[in-house]
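Order of the sequence lines sets the chain letters (A, B, ...), proteins ahead of strands, with each chain counted from 1.
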Amino acid sequence: MSAVTHHIPDAMLAAYAAGTLPHAFAVVVASHVSLCDHCRVALAAHQTVGGVVLEDSDAVPVSSSLKDNLFAQLDAPFVPEPVYDRSGIYPGPVMEALQGRALKWKTLGMGVRQDILTEDAHGSVRLLYIPPGQAVPDHGHNGLEMTLVLQGSFSDETGQFGVGDVEIADEDLEHTPIADAGDPCICLAATDARLRFNAFLPRILQPIFRI
Amino acid sequence: MPPECIGYSDQTHWMIAIRDNQDREAFAKLFDYFAPRLKGFIMKSGTNAAQAEEIVQDVMLTVWRKAAQFDPHRAQVSAWIYQITRNRQIDITRKESRPVPEELKEDPGSEADASQVVGLEQEAGLLRQALANLKPEQREIIEKAYLGELTHQEISAQTGLPLGTIKSRIRLGMERLRHELKDLKQ
Ligand SMILES: [Zn+2]
């Protein structure tokens, strides 16, 4: 766990605490925090600031029925929210995104596979499986991309990324991440724009593969 | 009041009583303190009074039901309620469930370390002072960020608060937990 060297930037942790990160990125942040005490501590610091802002908010009187309604519910039976535990290399938030289903890897060519967890107008988050020596699908350059390594490692012009490390890239970063030798590299990858593979897939195939 | 809890804030006392004894009197006090502040906090971002009250009720019920997760060694009551509130607001406005990190597993029988709890409270107090001492326009930006009105790109352009010392405190609270879990496994 202490081997993690690439963390979530502070501003992103603050935005995550405040709930302003797009859902796809929030899945990556929650997954990284599950693996990284350094960022868990930093997130807690932001929550402390949020708590101070909350406590210093001007008090607005609540209607008298609110408390009665609340207390009437304290004994009501309720179904606790499901808790998603880690399963193998997959942290709880990934298991939550899977909603109990098994992995469904789809081949993208060159041994690369993906499983799209969620996708909406604001972005998508997926698992990627990259054999050693293969390029990580280039899922940026149209916006922001976040890639969290869950197994194996990859390297690019900016350094090496192992289990728990997050690479954050925007359209300005021209990079070619390649999976290192050893175990196949499995990543959790989020983007806020439609992906394009400029490395090895013709753009015409994008609607079919949803990348 | 158990002697080891001397020096704790009222809010922490109440929350521990709720967590350990489902103490309704303490919960009523916590409600009286937080509900009006919560309503003010929620209305700041443009929610109307009626909907704000619905969220307040929802948040306070969640506080009651999730009380077992509260750990004063790692989090202030207000910090804990803040995150519950923001999560509920997102769930309601975006109709999607917020992804949350795995919980650290806690040993329910662990003895409280009062110096850690009080130390964290003191650090939070200093942070509150630092926030109060900011220029009004700086303070407003911080408020906006934590009210969820700024994107992460907008936040990164701002000068942050000094969070180093509070982080050290929280880290101690977490290491304590990890330590105990290790002892438990041995
Ligand atoms: Zn980290």
Side-chain angles (χ1 to χ4, degrees), chain A residues 9-12 14-21 23 25-35 37-38 40-63 66-67 69-71 73-74 78 80-81 83-86 91-93 96-97 120, chain B residues 24 27-28 31 35-41 43-44 49 52-53 56-57 60-61 64-65 74-83 85-87 89-90 94 96 98-103 124 127-128 131 142-143 145-153 155-156 160-161 163 166-167 170-171 174:
Chain A
D10 226 29
M12 262 189 169
Y16 171 78
T20 47
L21 269 193
H23 183 263
F25 294 146
V27 173
V28 177
V29 171
S31 296
H32 176 82
V33 169
S34 299
L35 304 172
D37 280 357
H38 175 90
R40 192 185 282 272
V41 164
L43 173 61
H46 288 295
Q47 290 166 336
T48 310
V49 184
V52 171
V53 171
L54 164 61
E55 259 191 290
D56 283 353
S57 292
D58 293 330
V60 178
V62 294
S63 51
L66 182 55
K67 198 171 177 178
N69 289 343
L70 175 66
F71 273 72
Q73 288 181 70
L74 296 188
F78 68 102
E81 285 168 34
V83 174
Y84 294 90
D85 281 325
R86 198 175 304 192
E96 180 179 3
D120 64 24
Chain B
R24 282 169 196 253
F27 189 60
F31 178 91
R37 289 172 168 83
L38 267 172
K39 187 175 172 185
F41 175 83
M43 287 179 70
K44 256 192 214 167
E53 290 212 347
V56 171
Q57 186 169 324
M60 292 307 295
L61 192 59
W64 174 261
R65 288 174 174 174
R74 295 187 283 134
Q76 294 287 284
V77 179
S78 60
W80 191 64
I81 295 183
Y82 167 79
Q83 192 63 78
T85 306
R86 288 304 300 156
N87 289 355
Q89 283 179 279
I90 303 308
R94 288 202 216 143
E96 64 186 21
R98 286 269 299 150
V100 292
E102 292 165 12
E103 278 292 321
L127 192 66
R128 192 173 188 171
L131 200 63
I142 302 259
E143 279 183 6
Y146 291 92
L147 278 164
E149 290 170 8
L150 301 181
T151 65
H152 71 95
Q153 292 95 338
I155 295 173
S156 58
L161 282 166
L163 295 179
I166 191 111
K167 281 183 192 173
I170 295 167
R171 189 170 295 118
M174 219 152 72

Does any N or O in the side chain of Glu102(B) come within less than 3.5 Å of the main-chain N or O of Pro93(A), such that one atom is a donor and the other an acceptor? no

Are Tyr82(B) and Val53(A) packed together at the side-chain level, in the sense that at least one heavy-atom pair is separated by less than 4.5 angstrom? no

If you tally heavy-atom pairs under 4.5 Å between each of Ala26(A), Gly19(A), Ala44(A) and chain B, the highest tally belongs to Gly19(A)

Using non-hydrogen atoms only, which part of Ser31(A) is less than 4.5 Å away from chain B: side chain, backbone, both, or neither? neither

Salt bridge (charged side-chain N to carboxylate O under 4.0 Å, His left out) involving Arg24(B) - partner list, sequence neighbours excluded: Asp75(A)

Looking at chain B, which one of Leu74(A), Asp58(A), Leu66(A), Leu70(A) has the largest number of heavy-atom pairs inside 4.5 Å, strictly under? Leu74(A)

Counting only non-hydrogen atoms closer than 4.5 Å, does Val77(B) touch chain A with its backbone (N, CA, C, O), its side chain (CB onward), both, or neither? neither

Among Arg98(B), Glu103(B), Glu149(B), who wins on heavy-atom pairs under 4.5 Å with chain A? Arg98(B)

Among the listed options Lys44(B), Arg86(B), Arg128(B), the residue most often paired with chain A at heavy-atom distances under 4.5 Å: Arg128(B)

Name the option with the most non-hydrogen atom pairs under 4.5 Å to chain A; the candidates are Leu147(B), Ile81(B), Val100(B), Leu38(B). Val100(B)

Chain B: which of Leu43(A), Thr48(A), Val33(A) shares the most heavy-atom pairs with it under 4.5 Å? Thr48(A)

Any side-chain heavy atom of Gln89(B) sitting closer than 4.5 Å to one from Phe41(B)? yes

Mind ranking Ser63(A), Ala97(A), Pro9(A) by heavy-atom pairs under 4.5 Å with chain B and telling me who comes out on top? Ser63(A)

For Glu53(B), what residues pass the salt bridge (charged side-chain N to carboxylate O under 4.0 Å, His left out) criterion, not counting sequence neighbours? Lys39(B)

Taking the side chain as C-beta and beyond, is there a heavy-atom pair between Ile90(B) and Asn87(B) under 4.5 Å? no

Specify which of Phe25(A), Tyr84(A), Tyr16(A) makes the most heavy-atom pairs with chain B at under 4.5 Å. Tyr16(A)

Side chain, backbone, both or neither of Pro91(A) within contact of chain B (heavy atoms, under 4.5 Å): both

Atom group of Gln83(B) that falls short of 4.5 Å from chain A, counting heavy atoms: side chain

Does any backbone or side-chain atom of Leu61(B) lie under 4.5 Å from a heavy atom of chain A? Answer side chain, backbone, both or neither. both

Do Pro80(A) and Arg65(B) have side chains that get closer than 4.5 Å, going by heavy atoms? no

Name the member of Met12(A), Glu81(A), Lys67(A), His46(A) that forms the most heavy-atom pairs with chain B at distances under 4.5 Å. Lys67(A)

N/O donor-acceptor pair under 3.5 Å between Arg74(B) side chain and Met174(B) backbone: no

Looking at Gly148(B), Ala52(B), Pro36(B), Ala49(B), which makes the most heavy-atom pairs under 4.5 Å with chain A? Pro36(B)

Between Ala124(B) and chain A, with a heavy-atom cut-off of 4.5 Å, which part of the residue counts as in contact: side chain, backbone, both or neither? both

Identify which part of Glu96(A) has an atom lying under 4.5 Å from any heavy atom of chain B, answering side chain, backbone, both or neither. side chain

If you measure from CD on Glu55(A) to CD on Gln76(B), what distance do you get to the nearest 0.5 Å? 7.5 Å

Beyond-backbone contact of Leu127(B) with Leu163(B), side-chain heavy atoms, under 4.5 angstrom: yes

Strictly distance-based, threshold 3.5 Å: is any side-chain N or O of Thr20(A) a donor or acceptor partner for the main-chain N or O of Ala15(A)? yes

Any side-chain heavy atom of Val52(A) sitting closer than 4.5 Å to one from Tyr146(B)? no

One option among Pro101(B), Ala145(B), Ala79(B) has the most heavy-atom pairs under 4.5 Å with chain A, and it is Pro101(B)

Applying a strict 4.5 Å limit to non-hydrogen atoms, the region of Met60(B) in contact with chain A is both

